[in-house]
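The block underneath contains the structure these notes are about, expressed in structure tokens.
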Amino acid sequence: MRRINEIFYSLQGEGYHTGIPAVFVRFSGCNLRCPFCDTQHEEGTLMSDEDIVMEVAKYSTQVVILTGGEPGLWIDEKLVDALHHEGKYVCIETNGTCLLPENIDWVTCSPKEGAKINLDRIDEVKVVYVGQDVSAYLDLSASHYFLQPCSCANTEEVIAYILQHPEWRLSLQTHKLLQIP
Ligand SMILES: C[S@@+](CC[C@H](N)C(=O)[O-])C[C@H]1O[C@@H](n2cnc3c(N)ncnc32)[C@H](O)[C@@H]1O
Ligand SMILES: Nc1nc2[nH]cc(C(=O)O)c2c(=O)[nH]1
Ligand code: SF4
Ligand SMILES: [Mg+2]
């Protein structure tokens with residue numbers, strides 16, 4: 001059984017897959033306490049893998065996004081296999097501190113200051129920019145590097161930084177701008 005905060009259907013609001021319809025599976029619980037965290041995730045109900053897959057299968061999109069909380073604490077190859085068996089493409093939003101099952105299809109790592117990265121594969125790096133030094137994150141091996149304003153509040157600052165450091169791309173939390181889940 002796994003503790004699930006919510007399962008919902010929306011558009012991926014952030015990063016490389018922005019705009020793609022996806023089912024979000026939000027796990028309860030995290031190993032970090034980011035001061036800016038925009039998510040209430042502690043409450044949840046216990047669900048079996050069978051229940052999770054059944055809920056996800058209600059939506060015809062192929063894309064599933066495991067998030068939280070920190071999903072890396074709670075998932076394993078077995079759950080990802082079960083989602084693959086339903087024909088799903090499995091993405092994860094992770095702070096990067098936990099080793100992940102190798103069968104995940106897309107890894108979005110959002111590194112946090114002072115937290116060691118424990119991943120051996122990253123597809124996109126997506127940093128919440130609050131003016132910190134982000135240059136070392138470019139040493140993480142990934143295909144895409146995004147900076148995301150914090151709570152849509154400092155977009156001008158992020159744009160100015162990216163114009164000076166064009167290795168980065170802008171990720172907006174478009175679901176917040178659109179006021180959708
Ligand atoms: C709530 S976290 C859950 C997944 C995982 N714990 C992590 O941090 O990547 C999902 C995404 O939202 C980002 N995020 C959290 N709070 C934010 C905020 N106030 N503004 C912008 N992005 C935020 C995180 O950095 C992460 O990329
Ligand atoms: N629409 C939408 N897109 C998202 N991308 C990552 C999210 C997350 O909380 O992990 C999220 C979210 O909460 N909603
Ligand atoms: S790691 Fe993710 S879920 Fe955990 S506190 Fe930070 S932003 Fe929130
Ligand atoms: Mg969110």
Side-chain angles (χ1 to χ4, degrees), residues 1-32 37-112 115-128 137 140-146 148 169 171-175 178 180-181:
M1 303 289 268
R2 307 182 202 259
R3 190 170 292 281
I4 302 296
N5 173 267
E6 56 178 348
I7 296 179
F8 64 98
Y9 185 45
S10 188
L11 303 180
Q12 167 58 296
E14 309 175 6
Y16 185 78
H17 290 126
T18 293
I20 289 181
V23 185
F24 292 80
V25 178
R26 191 179 303 285
F27 289 82
S28 305
C30 190
N31 55 337
L32 300 181
C37 183
D38 62 3
T39 307
Q40 301 248 340
H41 55 75
E42 290 301 336
E43 285 182 13
T45 54
L46 288 175
M47 292 177 76
S48 66
D49 287 0
E50 203 177 31
D51 292 339
I52 295 170
V53 171
M54 244 169 44
E55 189 57 34
V56 164
K58 288 182 181 168
Y59 308 96
S60 64
T61 183
Q62 205 187 353
V63 179
V64 177
I65 299 173
L66 308 178
T67 185
E70 178 44 52
L73 292 167
W74 314 113
I75 63 165
D76 55 21
E77 213 157 291
K78 191 171 138 284
L79 173 63
V80 179
D81 270 344
L83 291 164
H84 280 162
H85 194 73
E86 279 295 318
K88 302 300 178 184
Y89 180 81
V90 183
C91 308
I92 189 167
E93 298 272 337
T94 179
N95 62 28
T97 59
C98 306
L99 280 173
L100 299 178
E102 283 185 4
N103 54 346
I104 289 180
D105 299 300
W106 185 273
V107 177
T108 301
C109 173
S110 185
K112 305 299 187 305
K116 189 176 172 295
I117 299 299
N118 249 319
L119 302 177
D120 40 38
R121 196 193 105 224
I122 301 174
D123 293 287
E124 64 180 311
V125 170
K126 185 178 70 189
V127 182
V128 178
Y137 296 134
L140 293 169
S141 171
S143 305
H144 311 277
Y145 299 86
F146 289 95
Q148 183 159 282
R169 276 171 66 183
S171 169
L172 294 175
Q173 290 188 294
T174 53
H175 54 298
L178 298 169
I180 60 173

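Just so you know, these numbers come straight off a predicted model, no measurement behind them.
Panel note: side chain N5, backbone E43; a donor-acceptor pair is recorded below 3.5 Å. A donor-acceptor contact shorter than 3.5 Å is absent between the side chain of T67 and the backbone of R26. K88 places no side-chain N or O within donor-acceptor distance of the main-chain N or O of V80, the cut-off being under 3.5 Å. In this structure, D105 contributes its side chain and Y89 its backbone to no donor-acceptor pair below 3.5 Å. A donor-acceptor contact shorter than 3.5 Å links the side chain of H41 to the backbone of G29.
Legend: ring pair (Phe, Tyr, Trp, His ring centres under 6.0 Å) pairs involving residues 3-24, not counting sequence neighbours, sorted by first then second residue: F8-F24, Y9-Y59, Y16-W106, Y16-H144, H17-W106.
Side-chain contact between F27 and I4: present, with at least one pair of heavy atoms (C-beta onward) separated by less than 4.5 Å. R2 has its side chain within reach of D76: a pair of non-hydrogen atoms, C-beta onward, lies under 4.5 Å apart. By the 4.5 Å heavy-atom criterion applied to side chains, V63 and Q12 are not counted as neighbours. Under the 4.5 Å side-chain criterion, counting only non-hydrogen atoms from C-beta, T174 is not in contact with L11. Between H84 and V90, some side-chain heavy-atom pair lies under the 4.5 Å cut-off. Residues I7 and M47 meet the side-chain proximity criterion, which asks for heavy atoms closer than 4.5 Å. V25 places none of its side-chain heavy atoms less than 4.5 Å from the side chain of L83. Contact check for I75 versus I92: side-chain heavy atoms found under the 4.5 Å cut-off.
Checked against side-chain hydrogen bond (donor to acceptor under 3.5 Å, both in side chains), E70 has the following partners two or more places apart in sequence or in another chain: T94, N95. Applying the side-chain hydrogen bond (donor to acceptor under 3.5 Å, both in side chains) criterion to R121, with sequence neighbours excluded, gives D123.
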Go through W74 and R3 one step at a time and tell me if the side chain to side chain contact (heavy atoms under 4.5 Å, CB included) criterion holds.
CA-CA 8 Å; W74 314 113; R3 190 170 292 281; over 6 Å; no
Stepwise, does the side chain to side chain contact (heavy atoms under 4.5 Å, CB included) test hold for C91 with T108?
CA-CA 7 Å; C91 308; T108 301; 5.8 Å; no
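The shortest heavy-atom contact between I122 and C109 is CG2-CB, 3.8 Å. In terms of heavy atoms, Q148 sits closest to S171 at OE1-OG, 2.7 Å. Taking each heavy atom of A115 and L32 in turn, the nearest pair found is CB-CD1, 4.0 Å. The heavy-atom pair separating P181 from S10 by the smallest distance is C-OG, 3.7 Å. Contact detail for A142 and V125: the closest heavy-atom pair is CB-CG2, 3.8 Å. Considering every non-hydrogen atom in both S28 and G44, the closest pair reads OG-CA, 3.5 Å.
Atom-to-atom distance recorded for E50:CD and E55:CD is 13.5 Å, nearest 0.5 angstrom. Distance check, rounded to the nearest 0.5 Å: CD of E86 to CD1 of I52 gives 13.0 Å. Here the CD-CG distance, from E77 to L100, works out to 11.0 Å after rounding to the nearest 0.5 Å. Expressed to the nearest 0.5 Å, how far CD of E124 lies from CD of E93 amounts to 7.0 Å.
Residue E42 qualifies as enclosed at atom CD: its count of foreign heavy atoms under 6.0 Å is above 12.
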